[in-house]
Amino acid sequence: MPTFVLQNDGEKPPHSEPPFLTDVNDAQKKAVLHTDGPLLIIAGAGSGKTRVLTYRIANLLYQKKAWPNQILALTFTNKAAREMQERIVDLIGEKANRIWMGTFHSIFSRILRFEAEHLGYTRDFSIYDTVDTDRVIKSILQELGFNTREVKPQAVRFIISNAKNQLISPEAFKNKFVQSSLDDIAAQVYERYIARCRQNNAMDFDDLLIKPIELFEHHPEILQKYQNHFRYILIDEYQDTNHAQYRATQLLAAGHQNICVVGDDSQSIYSFRGADISNILNFKEDYPDSAQIPLEQNYRSTKSILQCADSVIRQNTSRLDKTLWTQNDRGEIITVLENYDERDEANRIVRSIEDLKMREHLSFRDFAVLYRTNYQSRVLEDAFRRRGVPYQLVGGISFYQRKEIKDVTAYLRLLVNPHDDESLLRVINEPARGVGEKTITNLQQIARKHNKSLWDTIGDVESTGIYKPAIGRIRDFVDILERTGKKLTDTGLTDTVRFLLDETGYVKQFVEEHSHDSLMRRQNVMELLNAISYFEKSSNTPSLSAFLQEISLVTDLDAHDTDDPAVTLMTVHGSKGLEFPVVFITGLEEDLFPIGGRSGEDVDIEEERRLFYVAITRAEKRLYFSYAKNRFRFGEQVDMNRSRFLDEVDPSVVRTETGATIRQTGSPGMAGRSGKSGTYISYDQSNYDGNAGAGSDFHSESYDSAAPADDGGGMGVEYDQNTGEIIWRSGMAVIHKKFGPGKIVQCQGQGDDARLTVFFKNVGQKKLVARLAQLKVIG
DNA sequence: TTAATCGTACTTTTT
DNA sequence: GTACGATTAA
């Protein structure tokens, strides 16, 4: 049970400001010192969000508003949680380790362990990742007689996962949400899938978010316990919360109402996982008494980089109003690298890095190469290896998703949770011991008939009447596990696992086979053994079940080592929250970034644009865009068109390597056609001289004055040469008599007849006809 | 009934 | 490149 400590009501909180509050600006300070009541912090990229969050928690403790373990801080990655925790420890000492700080999944699974019995689970439940889930779904599909080549388990998983995150039950889904034949199939699978998980005493990633809601709604007394306990709740990256996360935290916060959420709608990049932007957009409605503090000063990037980022993101229509600015230098111009193909691209990048490192006395750790899809990493790795430049690949196929690791952990899961049929199926013939497909289906049928788990069924294989030669082999399997289980109670964790590996001959199969592949696999298993050994020594609860829980929720992203003097290679998604002096964004091609929709599915171009925005804003000093004209895809060379995003970028801050500007022929707001036709590179060799406002603080409102066709001096308003009508542009700052200052988000037509969508600081977004609105252009 | 070999379709992002 | 499935040999 968690320790529930009463608040220290008697003690008087200190009235002075905390001593650590020296290096913050006014907005940050306001956010830190705000303690009670709901608070929304809109934190633009690089605006010192983590600092505010850590100071805010430290202040709550300093002001004696709560004990450390009465604070709940939720993040999306373990790494973010760990970093924040470390920083708070630096501020207020070791007691910060008692804060409930972690990812939604890890914190909720912790609560679920405590309360498992209330949900009909035991505290040793297994956690299924997507690989496990796909296997379960596949087997259900096969049972239902579907061809799993035509009906892809992943597609079904996707539909089910969406339904779960929307808190739609199988019954409700069947009645209301079936719109296609695939939906119909998913509806059939959904119910069985839930039943199967329950029988296996297993929860998938979605369950970790949903089950707490079920728990709270069915057991008000338990909800109340947690409501009372968590006096302050903080949520990072609120724009990425899905409906389930929203609902769960809403329930928890309902008591004290001390909920502080931090987010940036411009960085919402997880809608494919059910993230719902409206959670952050509607925070004000959910909590009418909430305060709202925007953090708009950027401390990370140069003016050029920020200008570039803003020129991209303002092409999106739906966003909260905010204006990022910085006092940093204008910095270097952004460089576009055009390449023949992906190998050319990779080599060019590696050479640029070596070059820049020498010239600017940088370390390899100052560089990051970002890409849209994981498979792009392969060519890059090749190039880095060939030139001997150290690199660190982050993400990709997670260590814990590798086949050999999943096999070993399936054995371990089975020890802790014998009713986990999925894990049993995974290893009953691994390594091959003569228990094949036929035997397994027979066993499953028998188990179903007696309504028993597979483990219970094979406990008495002799009486099952299955294929005779298999009986002895299964007996061996059961024996090994039973002896391993005994070993676990007698000796330590590491020894037990070593014993298991010996008995099963799992490692031996790799030793005997002398391929490169098997060597790698063996090394990976040894790596796992190391991890177990380390866990056993360092954890204060060194149980097998604790270890399994921990590894099921870590990702390779968490392994990113910022001290390692190596270039970081990762996806744009993985880079969120990080910063690097030099960033390369690669593969800027149509159908890659922005990604192309697969078979009929349409892509959310605004989300892709936000993704591009996230990538740009990772850069501190220098930024490179690169694309290839040809790329090897699906086993063949394909002609690629450069990304439309390159056409949307403010041309005044970007140059090709030769110093040419990149320009677009269409109007800036009209992106959408594929790249090549609408663009050209003009080879004017004029040096980059910044724009008219260079030297003054950079504001996004001044962007359009830097547009190529402009004189650069005046108000930046353009008029049609024939009619003399004003040409409206998105991004223009205007003033309305009634609504006050605002910014044009979208425009259609010119002159008085134009229809404009304007975002006003005070009243929000409005649609106007120019003639009636009487807008005054201010920049 | 099981194991090994060969051929084929597919690559978005992650807790 | 690779991870499945189908096909074949034992």
Side-chain angles (χ1 to χ4, degrees), chain A residues 74-81 102-109 127-131 133-135 138 142 147-150 152-154 158 161 165 203-209 237 240-242 244-245 268-275 370-379 381-382 394-398 400-403 429 431-442 466-470 473 513 517 551-558 570-576 587 591-599 601 603-604 607-608 610-612 614-615 631-636:
Chain A
L74 297 166
T75 63
F76 274 82
T77 64
N78 295 299
K79 201 169 147 240
T103 62
F104 275 92
H105 292 83
S106 73
I107 296 285
F108 284 6
S109 77
I127 295 174
Y128 283 175
D129 63 15
T130 46
V131 178
T133 300
D134 280 345
R135 282 174 54 109
K138 189 174 167 190
Q142 280 164 345
N147 181 343
T148 48
R149 288 224 303 186
E150 284 156 23
K152 292 204 201 78
Q154 299 163 40
F158 191 73
S161 173
N165 281 312
M203 298 199 197
D204 65 17
F205 284 149
D206 301 325
D207 288 327
L208 296 180
L209 306 177
E237 310 277 17
D240 288 333
T241 50
N242 64 27
Q245 287 162 324
S268 163
I269 54 174
Y270 282 107
S271 74
F272 70 95
R273 243 171 65 190
L370 307 181
Y371 37 84
R372 176 69 242 264
T373 65
N374 271 306
Y375 82 95
Q376 291 168 256
S377 68
R378 199 164 288 138
V379 212
E381 275 193 278
D382 272 356
V394 185
I397 309 144
S398 159
Y400 290 102
Q401 283 196 28
R402 299 198 130 91
K403 182 186 178 298
N429 196 36
R433 52 169 71 86
V435 182
E437 204 181 345
K438 191 75 192 179
T439 304
I440 289 170
T441 40
N442 285 339
I466 52 162
Y467 179 60
K468 288 264 159 50
R473 300 162 187 162
E513 192 191 309
D517 186 66
I551 64 168
S552 52
L553 298 173
V554 300
T555 65
D556 270 18
L557 239 42
D558 300 321
M570 55 167 42
T571 63
V572 180
H573 279 90
S575 75
K576 196 171 68 157
D591 273 2
L592 184 59
F593 199 177
I595 197 100
R598 298 184 302 213
S599 52
E601 281 184 48
V603 288
D604 182 346
E607 175 141 322
E608 293 295 310
R610 288 192 294 268
L611 199 51
F612 187 43
V614 167
R631 193 174 283 276
F632 221 75
R633 295 181 97 188
F634 297 102
E636 57 170 348

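A note on names: the letters A, B, ... follow the listed sequences, proteins ahead of strands, and every chain is numbered from 1.
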* Structure fact -> To the nearest angstrom, the CG-C1' distance between Leu611(A) and dT14(B) comes to 13 Å

* To do: When you get a sec, tell me which of dT1(B), dT15(B), dC4(C) is the closest nucleotide to the side chain of Lys438(A)?
  => dT1(B)

* Structure fact -> Whichever of Thr103(A) and Arg433(A) has the more 5' nearest nucleotide on DNA chain B, that residue is Arg433(A)

* Asked: Who does dC6(B) pair with, Watson-Crick or G-U, both distances under 3.5 Å?
  -> dG5(C)

* Nearest-nucleotide pick for Arg273(A), side chain only, options being dT13(B), dG5(C), dT15(B) -> dT15(B)

* Base, sugar-phosphate, or nothing for Phe205(A), non-hydrogen atoms under 4.0 angstrom? -> base

* To do: Report the distance from atom CD1 of Ile551(A) to atom P of dT14(B), rounded to the nearest whole Å.
  => 19 Å

* To do: Would you kindly give the CZ-to-C1' distance between Phe632(A) and dG1(C), to the nearest whole Å?
  => 10 Å

* In whole angstrom, what separates Phe158(A)'s CZ from dT13(B)'s P? -> 13 Å

* Asked: When the distance from CD of Gln154(A) to P of dC10(B) is rounded to whole Å, what number comes out?
  -> 11 Å

* Between Thr571(A) and dT14(B), does any side-chain N or O lie under 4.0 Å from OP1 or OP2? -> yes

* Mind checking Asn429(A) for me? I need base, sugar-phosphate or nothing, with any heavy atom below 4.0 Å counting as a touch. => sugar-phosphate

* Structure fact -> Taking for Arg473(A) and for Val554(A) the nucleotide of DNA chain B with the nearest heavy atom, the one nearer the 5' end belongs to Arg473(A)

* Asked: Quick one: which of dT1(B), dT15(B), dT13(B) gets closest to the side chain of Thr130(A)?
  -> dT15(B)

* Asked: Which nucleotide in the set dA3(B), dT13(B), dT2(C) lies at the smallest distance from any side-chain heavy atom of Ala432(A)?
  -> dA3(B)

* More than 12 foreign heavy atoms under 6.0 Å from NZ of Lys438(A): is that the case here? -> no

* Do the side-chain N and O atoms of Arg633(A) and Tyr375(A) include a donor-acceptor pair separated by under 3.5 angstrom? -> yes

* **Proximity to the side chain of Thr148(A) - top-ranked nucleotide from dT15(B), dG5(C), dG1(C)** => dG5(C)

* Structure fact -> Lys138(A) has its side chain closest, among dT13(B), dC4(C), dA3(B), to dC4(C)

* Give a yes/no on whether any side-chain N or O of Thr77(A) is located under 4.0 angstrom from OP1 or OP2 of dT14(B). => no

* Structure fact -> Testing dT13(B), dG5(C), dT1(B) for proximity to the side chain of Tyr467(A), the answer is dT1(B)

* Is there a side-chain contact (heavy atoms from CB on, under 4.5 Å) between Phe612(A) and Glu607(A) once you walk through the steps? -> CA-CA 9 Å; Phe612(A) 187 43; Glu607(A) 175 141 322; over 6 Å; no

* To do: Would you mind classifying the nucleic acid contact of Asn374(A) as base, sugar-phosphate or nothing, using non-hydrogen atoms under 4.0 angstrom?
  => sugar-phosphate

* To do: Just call it for Arg378(A): base, sugar-phosphate, or nothing, with non-hydrogen atoms closer than 4.0 Å on any strand.
  => sugar-phosphate

* Assign Glu437(A) to base, sugar-phosphate, or nothing according to its heavy-atom contacts below 4.0 angstrom with the strands shown. => sugar-phosphate

* Among side-chain atoms of Thr130(A) and Thr133(A), is any donor-acceptor pair under 3.5 angstrom? -> no

* Asked: Closest to the Arg149(A) side chain: dA3(B), dG5(C), dT13(B)?
  -> dG5(C)

* By centroid distance (under 5.5 Å) and plane angle (under 30°), are Tyr270(A) and dT14(B) in a stacked arrangement? -> no

* To do: To the nearest Å, give me how far apart CZ (Phe104(A)) and C1' (dT14(B)) are.
  => 15 Å

* Structure fact -> When rounded to whole Å, the CG to P distance for the pair Asp134(A) and dT14(B) reads 16 Å

* Evaluate the side-chain contact (heavy atoms from CB on, under 4.5 Å) criterion for residues Ser377(A) and Tyr371(A): first the C-alpha distance (whole Å), next the side-chain angles of each, then the deciding distance (0.1 Å), finally the verdict. => CA-CA 8 Å; Ser377(A) 68; Tyr371(A) 37 84; 3.4 Å; yes

* Asked: Can we say Arg378(A) and Glu381(A) salt-bridge, meaning some charged N sits less than 4.0 Å from an Asp/Glu carboxylate O?
  -> no

